[in-house]
Amino acid sequence: MSELRDTRLEKAEQLRQAGHNPYAYSWKSTHSAAELQKKYADLENGTEVEVEVAIAGRIMNRRVFGKLAFFTIQDETGTIQLFLDRKKIKAAMGEENPEAFGQLKNLTDAGDFIGVRGSVRRTDKGELSVSADHYEILTKSLLPLPDKWHGLTDVEKRYRQRYVDLIVNPDVRETFRRRAKITAGIRQYLDAEGFIEIETPVLQTSAGGAAAKPFVTYHNATEMEMYLRIATELHLKRLIVGGFEKVFELGRIFRNEGVSTRHNPEFTSIEIYQAYADYDDMMALTETLVVDAAEKVIGTLEIDYQGEQINLQAPWKRITMHDAVKEATGVDFAALDDLDAAKAAAKEAGIHGCGDMASIGKILNEAFEQKVEETLMQPTFITDYPVEISPLAKPHRSKPGLVERFELFIVGRETANSFSELTDPVDQRQRLEAQAAAKAAGDEEANDVDEDFLTALEYGMPPTGGLGIGIDRLVMLLTNSPSIRDVIAFPLMRPEKAAEAEAE
RNA sequence: GGGUCGCUAGCUCAGUGGUAGAGCAUUCGGCUUUUAACCGACUGGUCCUGGGUUCGAAUCCCAGGCGACCCA
């Protein structure tokens, strides 16, 4: 290991001795690899074009003969072969550096960055190449690349050393390129619709807006405990109170929870708030945003996700939570008004863990999570949730005990969440106080009463539709990624070596 | 939190109680049409860590670490 490194350090030193800085300052390319491949796609085998092009990239593979060498280099767009002929290089560089070809042969390795200038030719064997007359080593790499054939497959190393993963796995680069396209596309669409993005605080003295356990931190100067945000909801609503009518924020959220294929403690959400809209309007917006993203990124609405064929063509199925649970279990919780009867019916239907639940709404939700959620492969809006599990949503205009809320499920996963937002400050205070009581009773996911948010509501918030979309899960869907870690560049990992036992 | 599986050379992997291996990469030699180049020679090890059993442990046992998947 260190011998490999020492050898390369020695090569870097030899380059310095020969007057070449192995860590160059800049390079001007005329084309990318993909541009050359496209421009000369029709060039015939064994022919050369007398143009002077310049290109740079990382050496991925070297095939060296006595007086001829072929390097495959990779830039962000793809790969192209370098055709390195001793005679040609000597003719062009020999006066200044008689050792130019020898240095190329002996002092470069797979992993180095190189810049070349030369003509374009397609070899007899059909490989488009830059036939170099000049080259410059731009960066000397000290560590070996993974096996050129098997690549890097160890998932732990792929996540810990994502830079190596990105070097050798082109599909990983493609995933993050798509991720960027998705977020850019969403912003583009919302901008065109007159929404503005406003950044709200990550550090908060009261973490609200979702049922989740926050990370706790401390601000020295003000000597106060602070929380990392678990949602952007309550501040974006303050902006609606302030008079903005279409706002959103796409950003990082932190929840102090476990790690799984669907969860990372920091993840990305977009929350969108639109004055004078309700949850029906937000359903339409959800469809538009997802369809638009799919069209921009994959160009089709018929997608494959881990072998499952998903059709994103709108309109999507809409079904109430009560009806969905009834379909799956045969139990109509809407017809039950006795808690014990509901528990008995749930147990009968094979739903476990409802014994100490305090309301029929929570049992309904539990039944949904256990029996329905993972069956919802095609995009489905589940609507009209129990008020007990929706402290920020407006009561349903016609169904007592329910709120105007929907969640979007695709491939069995919650992907979006939306309400007609609760605007009645008195009702909101009661619900938040119930939350605070639950927290006091030990519910770590319940929130405190955010008095300033209530004050804002008392100034008056117009009727508002709110929508949150899990960006990571959307990206998973549109990149056919089985794990959230595949769409987060640097997912959370424990340190490789456990810290020495700290003083307790 | 529970269960299952994994951790051996830079990478990908063999090796189930008896001298730690292969391919690729590296190093050296040869080679002007290769593309997993080829031919020849060589080099490279905290077998995740710590204990235990044993004449002897990569291998068996215990504890721990890190990771993957599943479950809660």
Side-chain angles (χ1 to χ4, degrees), chain A residues 1-11 14 33 37 44-48 59-74 78-91 101-102 104-112 121-132 140-165 167-169 213 257-264 306 351-355 366 369-370 373-374 412 444 481-486 491-501:
Chain A
M1 169 63 191
S2 69
E3 286 176 32
L4 291 166
R5 188 168 170 273
D6 288 345
T7 303
R8 292 193 179 197
L9 279 171
E10 172 59 27
K11 289 178 182 176
Q14 285 183 44
Q37 297 284 6
E44 301 216 352
N45 290 4
T47 61
E48 182 158 352
I59 300 170
M60 298 304 287
N61 198 354
R62 296 170 3 112
R63 294 173 293 281
V64 180
F65 297 77
K67 295 167 186 158
L68 178 69
F70 301 92
F71 289 6
T72 302
I73 64 165
Q74 170 175 282
T79 61
I80 192 161
Q81 178 169 272
L82 304 183
F83 182 94
L84 305 161
D85 179 341
R86 187 174 83 139
K87 220 185 263 179
K88 182 167 179 176
I89 288 170
K90 190 159 185 144
F101 187 76
L104 194 60
K105 249 174 81 171
N106 297 321
L107 301 182
T108 65
D109 290 285
D112 293 352
R121 74 187 294 172
R122 192 175 291 281
T123 63
D124 298 344
K125 299 286 168 61
E127 190 72 34
L128 188 72
S129 309
V130 174
S131 175
K140 186 70 202 160
S141 160
L142 299 183
L143 297 174
L145 291 177
D147 190 291
K148 62 188 169 190
W149 186 243
H150 299 98
L152 184 70
T153 59
D154 181 316
V155 288
E156 183 172 353
K157 286 201 177 86
R158 287 186 46 226
Y159 296 152
R160 281 193 200 284
Q161 296 187 281
R162 182 69 90 181
Y163 39 90
V164 181
D165 191 27
I167 291 168
V168 298
N169 292 322
K213 192 176 168 185
E257 296 167 352
V259 169
S260 79
T261 49
R262 295 175 297 283
H263 298 87
N264 195 65
Q306 302 293 302
I351 297 141
H352 42 85
C354 295
E366 192 63 30
E369 288 183 0
Q370 287 182 32
E373 184 165 339
E374 67 184 21
E444 291 183 317
S481 298
S483 168
I484 195 169
R485 292 181 210 96
D486 296 327
L492 181 110
M493 303 284 276
R494 283 191 164 94
E496 214 164 349
K497 297 287 177 201
E500 293 301 316

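In the text below, chain A, chain B and the rest are named by the order of the sequence lines, each starting its count at 1. Keep in mind it's a predicted model, so treat the numbers as computed, not measured.
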Next on the checklist: Please report the distance, rounded to the nearest Å, between CG in A:Asp154 and C1' in B:A9.
Outcome noted: 15 Å
Checklist entry - Checking A:Lys105 side chain against A:Gly66 main chain: does a donor-acceptor pair fall under 3.5 Å? => result yes
Item to check | Nucleotide B:U26, atom C1' - distance to NZ of A:Lys140 in whole Å | outcome: 11 Å
Item to check | Contact nearer the 5' end of RNA chain B, comparing A:Glu127 with A:Thr153 | outcome: A:Thr153
Distances under 3.5 Å between nitrogen or oxygen atoms of protein and nucleotides 22-25 of chain B:
from: B:G23; atom 1: N2; to: A:Asp147; atom 2: OD2; distance (Å): 2.8
from: B:C24; atom 1: O2; to: A:Asp147; atom 2: OD2; distance (Å): 3.3
from: B:A25; atom 1: OP1; to: A:Lys148; atom 2: NZ; distance (Å): 2.7

Item to check | Under 3.5 Å: donor-acceptor pair, side chain of A:Lys88, backbone of A:Ser131 | outcome: yes
Checklist outcome for this item: Checking N1-N3 plus N6-O4 or O6-N4 for Watson-Crick, or N1-O2 and O6-N3 for wobble, each under 3.5 Å, the partner of B:A68 is B:U4
Checklist outcome for this item: note: A:Ile59, atom CD1; B:U26, atom P; distance rounded to Å ~ 11 Å
Checklist outcome for this item: Between A:Gly46 and A:Asp124 the two heavy atoms that sit nearest each other are CA-OD1, 3.4 Å
Checklist entry - Which whole number of Å gives the distance between the C1' atom of B:C47 and that of B:C60? => result 16 Å
Item to check | Nearest-angstrom distance from the residue atom CG of A:Asp165 to P of B:A68 | outcome: 13 Å
Checklist entry - Can you tell me how far the CG atom of A:Leu68 sits from the CZ atom of A:Phe83, to the nearest 0.5 Å? => result 5.0 Å
Checklist entry - Expressed as a whole number of Å, how far does the C1' atom of B:C62 sit from that of B:A9? => result 29 Å
Checklist outcome for this item: Taken to the nearest whole Å, CD/A:Glu496 to C1'/B:G67 is 10 Å
Each nucleotide N or O in nucleotides 69-72 of chain B that has a protein N or O under 3.5 Å away: list the pair and distance.
from: B:C69; atom 1: OP2; to: A:Arg485; atom 2: NH1; distance (Å): 3.2

Checklist entry - With sugar-phosphate meaning primed atoms plus P, OP1 and OP2, does A:Lys88 contact a base, only sugar-phosphate, or nothing at under 4.0 Å between heavy atoms? => result nothing
Next on the checklist: What's the gap between B:C61 and B:U53 when it is taken at their P atoms, as a whole Å value?
Outcome noted: 15 Å
Next on the checklist: Nearest whole Å is fine: how far is B:G67 C1' from A:Leu152 CG?
Outcome noted: 14 Å
Checklist entry - If you check the A:Asp85 side chain, which of B:A68, B:C11, B:U32 turns out closest? => result B:U32
Checklist outcome for this item: The residue, A:Pro146 or A:Lys105, whose nearest nucleotide of RNA chain B is more 5′ is A:Pro146
Next on the checklist: Work out how far the C1' atom of B:U27 is from that of B:G10, and round it to whole angstrom.
Outcome noted: 14 Å
Checklist entry - Between the side-chain atoms of A:Arg121 and the base atoms of B:U33, is any donor-acceptor pair under 3.5 Å? => result yes
Checklist entry - Heavy atoms under 4.0 Å, any strand shown: does A:Lys157 hit a base, just sugar-phosphate, or nothing? => result sugar-phosphate
Checklist entry - Which whole number of Å gives the distance between the P atom of B:A58 and that of B:U32? => result 48 Å
Next on the checklist: Between A:Arg63 and A:Glu127, does any side-chain N to carboxylate O distance fall below 4.0 Å?
Outcome noted: no
Checklist entry - If pairing requires Watson-Crick or G-U wobble contacts with both distances under 3.5 Å, which nucleotide is the partner of B:U33? => result none
Item to check | Rounded distance in Å between the P positions of B:U59 and B:U49 | outcome: 10 Å
Checklist entry - What's the closest nucleotide to the A:Arg494 side chain, out of B:U32, B:C66, B:U33? => result B:C66
Next on the checklist: Please report the distance, rounded to the nearest Å, between CZ in A:Arg160 and P in B:C7.
Outcome noted: 16 Å
Next on the checklist: Whole angstroms only, please: what is the CG-P distance between A:Asp486 and B:A68?
Outcome noted: 10 Å
Checklist entry - Is there a side-chain contact between A:Asp109 and A:Ser141, using heavy atoms and a 4.5 Å cut-off? => result no
Next on the checklist: Applying a 4.0 Å non-hydrogen cut-off, can you work out what A:Thr7 is touching in the nucleic acid: base, sugar-phosphate, or nothing?
Outcome noted: sugar-phosphate
Next on the checklist: Strictly distance-based, threshold 3.5 Å: is any side-chain N or O of A:Gln37 a donor or acceptor partner for the main-chain N or O of A:Leu128?
Outcome noted: no
Checklist entry - Any donor-acceptor pair under 3.5 Å linking the side chain of A:Glu366 with the backbone of A:Ile351? => result no
Item to check | Shortest non-hydrogen contact between A:Lys11 and A:Asn106, atoms and distance | outcome: CE-O, 3.4 Å
Item to check | Polar side-chain atom of A:Asp112 near backbone of A:Lys140 as donor-acceptor pair, under 3.5 Å | outcome: no
Next on the checklist: Strictly by Watson-Crick or wobble contacts shorter than 3.5 Å, is anything paired with B:G40, and which nucleotide is it?
Outcome noted: B:C28
Checklist entry - Counting any heavy atom closer than 4.0 Å, what does A:Val168 reach on the DNA or RNA strands: base, sugar-phosphate only, or nothing? => result nothing
Checklist outcome for this item: Mate of B:G17 across any strand shown (Watson-Crick or G-U wobble, both atom pairs under 3.5 Å) is none
Checklist entry - With a non-hydrogen cut-off below 4.0 angstrom, is A:Gly151 in contact with a base, only sugar-phosphate, or nothing? => result sugar-phosphate
Checklist entry - With distance as the sole test, does A:Arg8 use its side chain to make a donor-acceptor pair with the main-chain N or O of A:Leu143 at under 3.5 Å? => result yes
Checklist entry - Which base, if any, makes a Watson-Crick or G-U wobble pair with B:U46, both distances under 3.5 Å? => result none
Checklist entry - Between B:G6 and B:C42, how far is it from one P atom to the other, in whole Å? => result 35 Å
Item to check | Heavy-atom check, side chain of A:Leu145 versus side chain of A:Met60, under 4.5 Å | outcome: yes
